[in-house]
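Following: one structure in structure tokens, then a few remarks.
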Amino acid sequence: MISSCIHRGKIRAFRLCCPRYLSAVPTAQELDQPLKNSPVPEDGVAAHVQKLNQILQSCARNGDAIEGKACHAQVIHLGLHSDTLTANILVNMYSKCGLLDYARKVFDGMPHRSLVSWNTMIGTLARVGEDQEALTLFIQMLRRGKEGAHAPFSEFTLSSVLCACAAKCALLECKQLHAFSVKAMMDENVFVATALLDLYAKCGLINDANSIFESMRDRSEVTWSSMIAGYVRNEMYEEALVLFQRGQVIGLEHNQFSISAIICACAGLAALIEGNQVHAILWKAGFGSNIFIASSLIDMYAKCGSIREAYIVFLGVEEKNTVLMNSIISGFAKHARPTEAMVLYEKMQQMGMYPNEVTFVCVLNACSHVGSVQKGRKYFDLMIKEYNLSPNVLHYACMVDILGRAGLVNEAYDLIAQMPFDATSSMWGSLLSSCRNHGNLDLAVVAASKLFEIEPENAGNHVLLSNVYAANKKWAEVARVRKFLKDSEAKKEKGRSWIEIKDKVHSFMVGERNHPRIADIYDKLDRMMEEMERMGYRAETEHDLHDVDSGRKQELLKHHSEKLALAFGLMCSSPNAPLRIMKNLRICVDCHSFMKLASSITGREIIVRDTNRFHHFTDGSCSCGDFW
DNA sequence: CGGGCGGGTG
């Protein structure tokens, strides 16, 4: 940083004492016809050319297109435009200044192109997203190379072309280029290897990416952050954390890119302990005020169940943008705090920020929590009429959810029928849940059959439908679905809950036996049950089918994974901290009322995250706005 | 004179 400032200082000083370069704005005539008697300075042509090139390079660094053009005129005056070195610098200058057409014109007009000329042009095209053109030029380059002027390509070419392929996720080309690099013995170059690694990760071949990473002898900062980001992109969050840790151990300084990726990993795992540690690390490293990192921190805290922490991070950011606002609004929406979400939406207008389509997904999500059809419709209209945004599938999914939860299942169905998209499984799933909760058997069957078409392997859908039959006392149908589930290959994901206590994650399954303190946990749970039953709690077992034999059903229901996690949390956590329980499936009716009562008799705040939504239980009630 | 990494959404 400092050295580049000093360098720039030198150039400025040079400019001030050489005004003739600045005044030489070329006219069309001049560009066509180089002057016969151009002034050649006394210290010789060579020195003059060198100075011109230096200025052009400084123009490239500073993005100064006007002065760059002036120098271009000088180049033409001096008849230097066929000089390969100067023309290369010109191509680079124009492309760094964003004048792609000028760069291409100079490139096309060059009588002799060197390897660098091709590399610069291909690199530019790849950088600005002209992927196809970059690849076309690469092929041209290979053909010309065969004529023997220079080696067909270099490490520089490869990394640029790989970058172009990455944008297209062109796996076949990637593999060809990998073979190319091995043949040319360029696969050990850190730039080429990192670009290959990144491309494999982007195409989902994370194992290939990792084997490149492991085989590299020297890895740069970029190599590390590409690998970490690759894991995160492929939802391999634990692997990302392990790699991050490995970097820490060898004393690697993590940069803003690896930090933001790793926060995403923590968010994806709902890992608050690790998230807190990363927060400390990034604060020490001085990334605390980076808006990208702040946005992902907010999201991470919200997804870990810590909306207060998320809000504190939000308040600490001075210059807010739309994305940052979206993060906090989405957090409040997930945590069933629609008022806060809507107030923040209003704040955006006051601060002169424009909401985007993501903002409206978040706000509509908040409406579905509060169960306000009226507000939902209001925002849906607002985004179309006031902000000229066209609703996408997610907005329609929110509306289907809002209408369904409010009991307007037929209207939700009509919306699905008339929207300009194919219905997604999440829409039918939402509609099916709503039909179950509002007892609409006919529509439930319709929604379920659509779901079975889209996700035949997901047994959860069949369980959901059988619960609708159970709620309507259609026992023959319940039995039929159960038999189908037994015979078919479809598998229901096993319910699992986990809780973080004192730097450790404790995970539980239904009827868990393996936890070291399992006896104490069942004991604690039994005592809570007794107290609750005295208060009138009855385990709700009729409406939920859990694909187990009915003899064990009653017993197993007592031992739902989230209840075990809760009992353990009550035994081991510090007395006033909120209990944060994570669950991989939707919380059931029985557990929901159990948690309400538990919050009442223990006086503790209980937070349960099910499918990306949070239920805050305090004093015997829940914030979620669902009717149970 | 040229090259590889980035944040938010049911």
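Each chain gets a letter, A, B and so on, in the order the sequences are listed, and its residues count up from 1.
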Starting at atom [atom1] of [X], determine the distance to atom [atom2] of [N], rounded to an integer number of angstrom.
X: A:Ile291; N: B:dG6; atom1: CD1; atom2: P; value: 19 Å
X: A:Lys320; N: B:dG7; atom1: NZ; atom2: C1'; value: 17 Å
X: A:Glu319; N: B:dG7; atom1: CD; atom2: P; value: 21 Å

B:dT9 phosphate, OP1 or OP2: any side-chain N/O from A:Lys303 under 4.0 angstrom?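 Indeed, a polar side-chain atom of A:Lys303 lies that close.
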B:dT9 phosphate, OP1 or OP2, under 4.0 Å from A:Asn326 side-chain N/O: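 For A:Asn326, the contact criterion (side-chain N or O under 4.0 Å from OP1 or OP2 of B:dT9) is not met.
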Of the nucleotides B:dG6, B:dC5, B:dG3, which one has an atom closest to the side chain of A:Phe292?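 The nucleotide sitting nearest to the side chain is B:dG6.
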Closest to the A:Thr194 side chain, choosing from B:dC1, B:dG4, B:dC5: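 Comparing B:dC1, B:dG4, B:dC5 against the side chain of A:Thr194, the answer is B:dG4.
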Give one of base, sugar-phosphate or nothing for A:Val190, where a contact means two heavy atoms less than 4.0 Å apart.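 Since a base atom lies under 4.0 Å of A:Val190, the category is base.
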What does A:Thr120 touch in the nucleic acid at a heavy-atom separation under 4.0 angstrom: a base, only the sugar-phosphate, or nothing?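 Sugar-phosphate, backbone atoms only, no base.
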For A:Phe287, ring pair (Phe, Tyr, Trp, His ring centres under 6.0 Å) partners two or more places apart: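 Residues passing ring pair (Phe, Tyr, Trp, His ring centres under 6.0 Å) with A:Phe287: none at all.
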Is there a donor-acceptor contact under 3.5 Å linking the side chains of A:Asn88 and A:Ser117?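 A:Ser117 and A:Asn88 do have a side-chain donor-acceptor pair below 3.5 Å.
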A:Phe257 aromatic ring stacked with six-membered ring of B:dG6, 5.5 Å and 30°: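 Given the distance and angle limits, no, they do not stack.
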Candidate pair A:Arg127 and A:Ser160, rule side-chain hydrogen bond (donor to acceptor under 3.5 Å, both in side chains), full reasoning: CA-CA 8 Å; A:Arg127 193 161 43 84; A:Ser160 298; over 6 Å; no
Mind jotting down which residue pairs meet the side chain to side chain donor-acceptor pair (under 3.5 Å) criterion with at least one end in residues 259-268 of chain A? Sequence neighbours excluded, please.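 Sorted result for residues 259-268 of chain A: empty, none.
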